[in-house]
2 protein chains.
Amino acid sequence: MPASRSAAGAVDESAARRPTLTEVAALAGVSLKTASRALNSEPNVAEDTGRRVRDAADQLGYRLNGIARELRRGATSALVALISGDLTNPFYSAVASGIERELRQHGLQLVTANNDEDPELERALIDTFLERRVRALLIVPSGDRHGYLAIEGSRGVPFVFLDRPPDGIDADVVVIDNAGGARAGAEHLLRGGHRRIALIADLARTVPQRGRIAGFQAAMRAAGNRQWEPYLRTDVHDVRRAEETVRELLALDPPPTALFTTNNRLTTGALRVLKDRPEPPALIGFDDFDLAEVIGTTVVAHDAVAMGREAARLAHERISGHSGPARSIVISTSVIARGSGERPPA
Amino acid sequence: MPASRSAAGAVDESAARRPTLTEVAALAGVSLKTASRALNSEPNVAEDTGRRVRDAADQLGYRLNGIARELRRGATSALVALISGDLTNPFYSAVASGIERELRQHGLQLVTANNDEDPELERALIDTFLERRVRALLIVPSGDRHGYLAIEGSRGVPFVFLDRPPDGIDADVVVIDNAGGARAGAEHLLRGGHRRIALIADLARTVPQRGRIAGFQAAMRAAGNRQWEPYLRTDVHDVRRAEETVRELLALDPPPTALFTTNNRLTTGALRVLKDRPEPPALIGFDDFDLAEVIGTTVVAHDAVAMGREAARLAHERISGHSGPARSIVISTSVIARGSGERPPA
DNA sequence: GTGAAAGCGCTAACAG
DNA sequence: CTGTTAGCGCTTTCAC
């Protein structure tokens, strides 16, 4: 009875090893080098010889060993790594999608890893990828000290930081206009007549959050408004805490007439609470999301896919030999009015 | 002037090459093999020797060449590939997240690629990954002929198919209970008193969609209801077309009193239309989504992260040598009532 | 047009 | 405990 043709992983004897180029050459009756030339479509191979080699390869089920090729060609792969937070967060998956599309234009492949927002793990992942000889490393950093990467960068592995600038190293970076976006959102609420505006922010130690908080504050200062100050809440890091925080804020006397949430998670939390309220406060959230239009949520939007694309573009330029000073790209934001941000103060 | 320490990719002379193990050994004054042993924490290295080697490595900025190691160890990497649709679709990113988490437990790394729903591209990607000697290949297939993979599977590269079973090859697979879920959703509407129920489905040539359509039909047949038949619409593939289709359906006389959409994209389209209607029909959508609770959308839910996790688990078992017949895992579904599916017929 | 020999950087096998 | 030798599968000289 013949061996099963199942792909389920049945390990028969033939399963162990794949045919090598040497075996293809032997079967075709040519030298190793000629076989190599034929399969790589290099010049100086007689048409007939080429055909014989390709037939032999097909017959054996030959497949090039990319690892051997890479070793010989200089131990550098066609892989570009992305280290970010969990892909179930639409922000990260949008960034990853933008990167992947851009890389593909250049024959590069994306490898992703989740840092679980753990700086230790992040560093371990960076090590792993460098050992694997990725061509470039794109990082949405969780940790905040990256000085140890300087020597790597100088050795020819380009780094690009997304969303958060690196600390202790001078590298290409793509960030959102956090301060500008938050300021525009805050001004939108002020124009609507709001004064008691609650600011609900994520971990204040991160640079993007600091930028958003600063932008918001700048708008308040410029308007001479200080009534928002009792309603500032930071370090709200997940949906549940956001819900609690919003509930607490609305229970105050007097309650805020408007909320500004500084990322999509916090906006989700706020929405969950507001849906049950007869007279909800106004709401503007940083980060656009899929159904914002359906729900009627006013947001500070930006293009996360473009962010990924730009980062990949920078990385590709470095890979191609560009060697200027570190560059910085800022992704612009815009306020999209959909109703929730236009509710007047009670 | 000293060379810049910038990570921006400045290519000074030292950038060209990384130190090798041979150089580390030379600096430490030991043999190549001893250096290897020391850095791999193998037994039989004097403590003092080990320290000398590690110092030398640090001093040179040595980093193991993973490509050389892999070649020597049998030309097989620690990479597992996922080929799927675009990661901006939350279904795919949830799957990817589940896979990534499970793989990490076993020291494996995820590589992702987008097939753009193009079977040609999909096949090219598979080739690329096989050349790169991935340990396993997880595929949410776009193409529907995979017979050509049989020989690969028999050579020891495990394949796992997600969401859609493969055609022409017998491989592990993880699917959703499409028929059961759709049937439960349809029965939920029937119980609510609906008879004129519109079914809005995606490309009917795909197996999951056929399953959902069949499940829906089975429920109708069992209830002796044929009033739904004029309201069947298939091959609706994007949000815009879904909006148009829903608008057309609602303009019919008599209009349907309920809608059943067979995936998240179509549900999004329906929601965009319904939000402007004073008396919207009931709606149930296949696939849960982030803000469904906020919007109050009744859905047929399933756990896409678990789907990825199970697929990764199957792949890992194959990698570890398991060699039984192909297995099939079914992810269960449940109807989550949130309001939209409980609206009574007009 | 074609082939022989060398070697990418590492680990495995075997000696000492 | 340490070192020597060989070789993973391929591409790159360089010679024919």
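Chain identifiers are assigned alphabetically (A, B, ...) following the order of the sequence lines, protein sequences preceding nucleic acid strands; residue numbering begins at 1 within each chain.
Comparing B:Ala35 and A:Ala68, the nucleotide of DNA chain D nearest to each residue sits closer to the 5' end for B:Ala35.
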Working for side chain to side chain contact (heavy atoms under 4.5 Å, CB included), residues A:Val160 and A:Glu317 = CA-CA 11 Å; A:Val160 180; A:Glu317 286 179 21; over 6 Å; no
Check against side chain to side chain contact (heavy atoms under 4.5 Å, CB included), A:Val53 and A:Val30 | CA-CA 8 Å; A:Val53 172; A:Val30 298; 3.9 Å; yes
Quick one: do B:Asp127 and A:Arg63 satisfy side chain to side chain contact (heavy atoms under 4.5 Å, CB included)? Show the steps, please.
-> CA-CA 9 Å; B:Asp127 280 354; A:Arg63 208 176 277 273; 2.9 Å; yes
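Overall bending of the helix from C:dG1-D:dC16 to C:dG16-D:dC1, expressed as the angle between end axes built from five pairs apiece, is 30° (10° steps).
Remark: A:Asp116 engages B:Arg104 in a salt bridge, criterion side-chain N to carboxylate O under 4.0 Å. In this structure, B:Glu131 does not pair ionically with A:Arg69, as no charged nitrogen and carboxylate oxygen lie closer than 4.0 Å. The pair B:Arg73-B:Glu70 does not count as a salt bridge, with every side-chain nitrogen at least 4.0 angstrom from each carboxylate oxygen. Comment: A:Asp55 does not engage A:Arg52 in a salt bridge, judged by the lack of any side-chain N to carboxylate O separation of less than 4.0 angstrom.
Against DNA chain C, the stretch residues 45-56 of chain A makes heavy-atom approaches under 4.0 Å through A:Val45, A:Ala46, A:Thr49.
B:Arg123 and B:Asn115 share no donor-acceptor pair across their side chains, judged by distance under 3.5 Å alone.
Between C:dG3 and A:Ser31, a contact under 4.0 Å exists linking OP1 or OP2 to a side-chain N or O.
Side-chain contact between A:Val95 and A:Ser84 is absent, with no heavy atoms from C-beta onward closer than 4.5 Å.
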Let me have a per-nucleotide readout for nucleotides 11-16 of chain D, 5' to 3', with B, S or -, counting only protein heavy atoms under 4.0 Å.
-> BB----
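Between the side chain of B:Gln109 and the backbone N or O of B:Leu79 there is no donor-acceptor pair closer than 3.5 Å.
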